[in-house]
Colleague: 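The structure that follows is given in the form of structure tokens.
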There are 2 protein chains.
Amino acid sequence: MTTRTGPEDAPPAYDPSRFPAFAVTVDVVILTMVNATLKVLLVRRGEAPFQGMWAIPGGFKRPNETLDGAAKRELAEETGVDAASLLTQFGAYGDPGRDPRMNVVTVGYLAVLRDVGAIVAGTDAADAALFPVSDVLNETLELAFDHQRIVRDAIDRVRVELEVTGIATAFVGTTFTLAELRTVYEAIWGVQLDAANFRRSVVSDDGWVIPTGGRARPGPAGGRPAELYQAGRAWRHGGPIHRSPAGRRDEVTR
Amino acid sequence: MTTRTGPEDAPPAYDPSRFPAFAVTVDVVILTMVNATLKVLLVRRGEAPFQGMWAIPGGFKRPNETLDGAAKRELAEETGVDAASLLTQFGAYGDPGRDPRMNVVTVGYLAVLRDVGAIVAGTDAADAALFPVSDVLNETLELAFDHQRIVRDAIDRVRVELEVTGIATAFVGTTFTLAELRTVYEAIWGVQLDAANFRRSVVSDDGWVIPTGGRARPGPAGGRPAELYQAGRAWRHGGPIHRSPAGRRDEVTR
DNA sequence: CCTGTTCTGGTCGTCACGACTCTTACACTA
DNA sequence: TAGTGTAAGAGTCGTGACGACCAGAACAGG
């Protein structure tokens with residue numbers, strides 16, 4: 001990493017054999033959709049500092065594993081889910097004092113899951129729960145460490161990923177209706193999408209979704225049952241739905 | 001960072017008081033445009049490992065500085081430039097064995113500068129030089145550590161930033177012609193843009209660029225002198241030039 | 001004055017997309 | 001079994017962005 005080794009570039013304290021020691025952790029922002037609302041999985045801290053406060057799940061990176069591997073392991077330990085496909089790194093955080101105990105640099109990962117509700121219920125419900133992302137963004141809920149900023153960055157990232165990758169399909173089940181998929185976009189971008197136009201964009205013979213032939217059960221109010229689809233293979237080339245310029249500008253202005 | 005402290009979550013080796021120690025470094029991918037070609041600043045390693053090979057400039061993070069601060073400091077040490085505005089983090093790298101000496105996690109930063117040619121000439125030309133980015137991408141030039149991957153990720157990032165931020169103006173001077181600005185897009189995206197259409201997109205009364213009234217000196221072959229512009233304040237809301245869907249698809253397929 | 005080169009401005013066709021309307025299909029109830 | 005309500009599926013139209021292409025303007029140099 002060091003490049004030139006002139007005296008001004010390598011003071012004694014930064015000799016490679018005596019580098020400053022850091023703890024490296026991996027924090028995972030686990031997102032899911034519940035009732036057309038974007039939620040984040042938080043755990044309650046059992047010890048100081050920030051004892052009793054809610055935080056993002058995470059843990060130390062081990063020397064013999066990669067960062068991606070550490071994130072995958074933490075996700076599995078917290079939820080039991082082995083979802084390596086949708087685990088993307090979005091940032092590193094190393095402000096001095098962010099952990100009062102020691103020098104910690106953490107790497108943030110974004111995970112998108114479905115059916116986390118059942119998973120959380122399976123664990124001890126007292127120290128793991130789903131919270132609306134809006135509660136974190138508008139500071140209704142205060143988080144430990146700098147986790148508020150980390151969650152905020154994760155949301156910014158998922159908003160972009162939604163436009164350029166197939167991350168939307170990770171929020172829904174293996175089969176889904178177009179209305180379900182549409183609520184994902186609407187909840188994450190905070191916009192209203194015309195159902196007809198959405199359908200035309202997604203079903204446009206490009207292989208975004210594949211009809212399964214099945215039909216969903218209508219809601220309690222009746223209505224025509226929606227067709228069931230499964231994700232196609234075209235999502236790796238950028239998603240079919242794009243934000244309107246007005247909407248994007250709003251987000252930046254926000 | 002640790003969340004629950006059950007016995008399975010906290011093996012003795014990962015007690016907070018005895019965390020695994022890592023060195024944390026910051027590596028800066030410094031990009032600039034020379035003769036309509038995208039170049040990256042590399043330095044030659046003076047010591048093992050990878051002695052004599054070219055690498056990205058970087059160095060250890062100090063405990064009392066932020067990651068952004070460390071990147072800013074490294075950039076200043078290498079180039080003397082204090083360009084905090086366009087220094088963006090794009091990834092963290094911590095594969096075991098990426099540095100044979102010890103456990104190192106590095107955070108990659110992207111810096112965009114102009115006039116690096118003069119800066120490099122000012123330093124010892126033997127151990128710092130500009131290389132075409134294409135030489136790194138197609139593996140004509142082999143880099144130390146995993147720096148090839150880091151540069152590749154940085155290029156991926158700058159291609160996206162070019163579309164959604166005003167990073168293009170960082171490659172040109174305070175005043176510039178539209179042709180200069182166009183070559184930035186063409187070099188980074190590897191496309192050809194119609195000069196007339198490019199002009200229309202940029203000068204569309206949105207404040208992307210502000211005419212200064214001055215005119216550039218024509219090239220050696222003559223021609224009409226181009227008007228000089230300076231960057232407007234609208235770039236923070238997303239850039240005016242967007243890739244064609246075909247071009248974006250090519251990049252993913254690549 | 002002529003020519004070559006580059007910038008600047010204009011036109012046109014295409015296509016993606018949003019707004020809007022209508023039809024279809026099913027559940028539920030009387 | 002007929003009627004009603006609801007939501008999905010399908011069509012239409014207008015607008016706006018953008019790329020391809022062309023023409024004029026401005027300057028250097030011979």
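Here is how names work: the chains are called A, B, and so on, in the same order as the sequence lines, proteins then strands, and each is numbered from 1.
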Colleague: For the pair made of CD in E186(A) and P in dG18(C), what is the distance, rounded to whole Å?
Modeller: 12 Å
Colleague: Can we say R149(A) and D95(A) salt-bridge, meaning some charged N sits less than 4.0 Å from an Asp/Glu carboxylate O?
Modeller: yes
Colleague: Say whether Y93(B) and D27(B), considering side chains only, have a donor N or O and an acceptor N or O under 3.5 Å apart.
Modeller: no
Colleague: Consider the side chain of R182(A), meaning its heavy atoms from C-beta on, and name the nucleotide among dA8(D), dC7(C), dC21(D) that approaches it most closely.
Modeller: dA8(D)
Colleague: In whole Å, what is the span from the CD atom of E227(A) to the C1' atom of dC26(C)?
Modeller: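 That distance rounds to 13 Å.
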Colleague: Using a cut-off of 4.0 Å on non-hydrogen atoms, how would the nucleic acid contact of A195(A) be classed: base, sugar-phosphate, or nothing?
Modeller: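 Nothing: the residue A195(A), judged by heavy atoms under 4.0 Å, touches no strand.
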Colleague: Closest-nucleotide mapping onto DNA chain C: is Q192(A) or A179(B) further toward the 5' terminus? I mean the 5' end.
Modeller: A179(B)
Colleague: Whole angstroms only, please: what is the CG-P distance between D194(B) and dT8(C)?
Modeller: 13 Å
Colleague: Using a strict cut-off of less than 4.0 Å between a Lys/Arg side-chain nitrogen and an Asp/Glu carboxylate oxygen, indicate whether R159(A) and E163(A) qualify as a salt bridge.
Modeller: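 Salt bridge flag = no for E163(A) with R159(A).
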Colleague: Figure out the CG/P separation between L228(B) and dT6(C), and round it to whole Å.
Modeller: 17 Å
Colleague: Could you state the atom-to-atom distance from CZ of R199(A) to P of dC22(C) in whole Å?
Modeller: 20 Å
Colleague: Can you figure out which of dA10(D), dG9(D), dA8(D) approaches the side chain of A196(A) most closely?
Modeller: dA10(D)
Colleague: Counting only N and O atoms by type, is there a donor-acceptor contact under 3.5 Å from the side chain of Y185(A) to the main-chain atoms of L193(A)?
Modeller: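 Side chain of Y185(A) to backbone of L193(A): no pair is present.
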Colleague: Of the options dA19(C), dG9(D), dG9(C), whose atoms approach the side-chain atoms of N197(A) most closely?
Modeller: dA19(C)
Colleague: Separation of E180(A) atom CD from dA8(D) atom C1', in whole Å?
Modeller: 13 Å
Colleague: Any idea which of dG9(D), dC17(C), dT11(C) is nearest the R200(B) side chain?
Modeller: dT11(C)
Colleague: To the nearest Å, give me how far apart CG (L181(B)) and P (dT6(C)) are.
Modeller: 18 Å
